[in-house]
Protein chains: 2
Amino acid sequence: MLDHNAAAARIFTAALIVIGDEILSGRTHDKNIAQVATWLQVQGIRLKEVRVVADEEPAIVEAVNTLRARNDYLFTTGGIGPTHDDITVDAIAAALGVGVEVHPAARAILEDYYATRGGLTEARLRMARVPAGADLIPNRFTGAPGIRWGNIYIMAGVPSITAGMLEALTGTLEGGAPLLSETIGCWVGESEVADLLRQTEKTHEGCQIGSYPFWREGRTGANFVIRSVDPDRLAACCAALAAGLTAGGRTPVAGGL
Amino acid sequence: MLDHNAAAARIFTAALIVIGDEILSGRTHDKNIAQVATWLQVQGIRLKEVRVVADEEPAIVEAVNTLRARNDYLFTTGGIGPTHDDITVDAIAAALGVGVEVHPAARAILEDYYATRGGLTEARLRMARVPAGADLIPNRFTGAPGIRWGNIYIMAGVPSITAGMLEALTGTLEGGAPLLSETIGCWVGESEVADLLRQTEKTHEGCQIGSYPFWREGRTGANFVIRSVDPDRLAACCAALAAGLTAGGRTPVAGGL
């Protein structure tokens, strides 16, 4: 029981680097931040920071070395395809100070995958290159695997392939107690209940309340998201906030608006 | 003419900090990265890096001080509302080493806006607080203005309000020659034309080619995005790539697939 509590108290953190000029140019709308964030929540790992960087080695090296040092896990998406603009593996190897090698199992996977698709060309063989000492992350969609090196998880940029790699990793990373959350919606301007929100958070240790306003159907509303690792504290904080809204003549909507 | 060329040659860069636990938790799908990226392209400013950070002062301070120093412009979204979790102004003031003050014009705007909406409460007055010495960015939707301090542009997190602030800033920032781009699509696996892409980029100085694969309707395809600040070089590179695809028995599709 003590061990369980100790494990629950340890917070595991992750960072994500989205690598790709196409995101920074606005051409492609990123879908991997939300996807990785949601997946990490389920694993009991907190996403602390995301960086979107260009397809440039110095930018990747800086982000990798900063973020891998201060998080339990570092994920990257993008830049592991067969073309000249896919430089993630080389950049991460440079960040780690290791060489790049062809991973035998990755090569075998690609040989098999491309056996009926024109064969393993030099360009395709690029997708078997890994920072020396890496393991593979399975990709059941298009063969070319993701890569794990230490606490770094190197994944594809195409969201459906990223999803498959996350699925392959599900349950394999040590996490802590998941951060639980409940949402209470209300047709109210958030500024009208700012004091209530602040007081409720202050009097409920271990809980955070986020306020997310919206304008819809010509009306002003907000969703209040209450977060805690402790289900009892979370429930108490939610109840207090709902009671406070009701006392002020408002109608709290469990689950949010 | 010389002056014009010198101005065109200067590259203006920007960074963006998206501030908000709701993005890192996966609850909210960010829309501001793509919106700001697209807007910056039109202004002739290159978005070099994006960071998504939590509603935590140390994280905001670190990102602000790193990114404002190495870019011409720094934009932030999120955390400037009336509630306790809106800490962007205080965090940026801390990063700058200046105090926080109520901006008289912001106060006047809010007094006017809330005159028919219940009056300017203490919570609402929070939205008039700025790092000392700041100017305002108009918000024609909900009163509460954005903030400019030096090269930092502090904007709202709600995408429709961010859009209004960007609109207000349109044409006011000095930019360089916009990075032009053309897209050529092709029903081909990118690995089959990797050599062509690499060679075409190599022989066309001042042009970059990005390769973005997709799987659609049971087929493999890719879009090749060619970028350059020089329209003539861009056209030449596009023509060469299209000719190369055609020579290889492929059908290039101008504008992309």
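Every heavy atom of this structure was used, including side-chain atoms; hydrogens, water molecules and symmetry mates were not. Proteins get letters first, then strands, A, B, ... in listed order; numbering begins at 1 in each.
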Next on the checklist: Let's test your reading of the structure: which of A:Arg227, A:Lys202, A:Met127, A:His29 forms the most heavy-atom pairs below 4.5 Å with chain B?
Outcome noted: A:Arg227
Next on the checklist: To check you understand the geometry: which heavy-atom pair defines the closest contact between A:Phe141 and A:Gly164, and what is its length?
Outcome noted: CE1-CA, 3.6 Å
Checklist entry - What's the spacing between B:Arg198 CZ and B:Thr200 OG1 if we round to 0.5 Å? => result 11.5 Å
Checklist entry - Among A:Ala15, A:Ser25, A:Ala54, which has the most heavy-atom pairs under 4.5 Å with chain B? => result A:Ser25
Checklist entry - Can you list the steps and then say if B:Thr13 with B:Ile11 is a side chain to side chain contact (heavy atoms under 4.5 Å, CB included)? => result CA-CA 6 Å; B:Thr13 69; B:Ile11 293 173; 4.1 Å; yes
Next on the checklist: The test is side chain to side chain contact (heavy atoms under 4.5 Å, CB included); show your working for A:Val53 and A:Val18 and say whether it passes.
Outcome noted: CA-CA 6 Å; A:Val53 301; A:Val18 174; over 6 Å; no
Next on the checklist: Using side chain to side chain contact (heavy atoms under 4.5 Å, CB included), reason through B:Ile184 and B:Asn223 one step at a time and then give a plain yes or no.
Outcome noted: CA-CA 6 Å; B:Ile184 294 176; B:Asn223 283 306; over 6 Å; no
Checklist outcome for this item: In this structure, OG1 of A:Thr83 is separated from CG of A:Asp86 (nearest 0.5 Å) by 4.0 Å
Next on the checklist: Less than 4.5 Å to any heavy atom of chain A: does that hold for the side chain of B:Ser160, its backbone, both, or neither?
Outcome noted: neither
Checklist entry - In Å and rounded to the nearest 0.5 Å, what is the CG to CZ distance from A:Leu257 to A:Phe224? => result 9.5 Å
Next on the checklist: Within the structure provided, determine whether A:Val52 and A:Asp30 are in side-chain contact (heavy-atom separation under 4.5 Å).
Outcome noted: no
Checklist entry - Just checking heavy atoms, which of residues 31-45 of chain A are less than 4.5 Å from chain B? => result A:Ile33, A:Ala34, A:Ala37, A:Thr38, A:Gln41
Item to check | Under 4.5 Å from any heavy atom of chain B - which part of A:Arg46 | outcome: neither
Item to check | Heavy-atom pairs under 4.5 Å with chain B, option from A:Gly189, A:Gly26, A:Ser191, A:Ala194 with the top count | outcome: A:Ser191
Checklist entry - Which atom pair, heavy atoms only, marks the closest approach of A:Ala177 to A:Val229? => result O-CG1, 4.0 Å
Checklist outcome for this item: Smallest heavy-atom separation, B:Thr162 atom then B:Met155 atom, equals CG2-CE, 3.8 Å
Checklist outcome for this item: Value for CG (A:Leu16) from CG (A:Leu74), rounded to nearest 0.5 Å, stands at 8.0 Å
Next on the checklist: For a quick test of reading the model, state the closest non-hydrogen atom pair linking A:Val225 to A:Ser181 and the distance between them.
Outcome noted: CG1-CB, 4.1 Å
Item to check | Heavy-atom closest pair, residues A:Thr77 and A:Ala156 | outcome: CB-O, 3.6 Å
Item to check | Side chains of B:Cys186 and B:Leu245 in contact at under 4.5 Å (non-hydrogen atoms) | outcome: yes
Item to check | Working for side chain to side chain contact (heavy atoms under 4.5 Å, CB included), residues B:Leu180 and B:Ser228 | outcome: CA-CA 5 Å; B:Leu180 308 172; B:Ser228 179; 5.8 Å; no
Checklist entry - Hey, is B:Asp90 close enough to B:Arg129 for a salt bridge, meaning N to O under 4.0 Å? => result yes
Checklist entry - So which residues of residues 112-123 of chain B are in contact with chain A at a heavy-atom cut-off of under 4.5 Å? => result B:Tyr114, B:Thr121, B:Ala123
Item to check | Positions in residues 56-72 of chain A that reach chain B, provided some heavy atom is under 4.5 Å away | outcome: A:Glu56, A:Glu62, A:Arg70
Item to check | Interatomic spacing from CG in B:Leu197 to CD in B:Glu190 - rounded to 0.5 Å | outcome: 8.0 Å
Checklist entry - Of all heavy-atom pairs between B:Pro145 and B:Asn139, which one has the smallest distance, and what is that distance? => result CA-CB, 4.1 Å
Item to check | Choice from A:Glu192, A:Glu49, A:Arg126 maximising heavy atom contacts with chain B below 4.5 Å | outcome: A:Glu49
Item to check | Under 3.5 Å donor-acceptor, A:Thr88 side chain and A:Gly79 backbone | outcome: yes
Checklist entry - About how many Å separate SG of A:Cys237 and CD of A:Glu201, when rounded to the nearest 0.5 Å? => result 7.5 Å
Next on the checklist: Can you list the residues of residues 206-215 of chain B that sit under 4.5 Å from chain A, counting heavy atoms only?
Outcome noted: B:Ile209, B:Gly210, B:Ser211, B:Tyr212, B:Pro213, B:Trp215
Next on the checklist: Less than 4.5 Å to any heavy atom of chain A: does that hold for the side chain of B:Thr142, its backbone, both, or neither?
Outcome noted: side chain
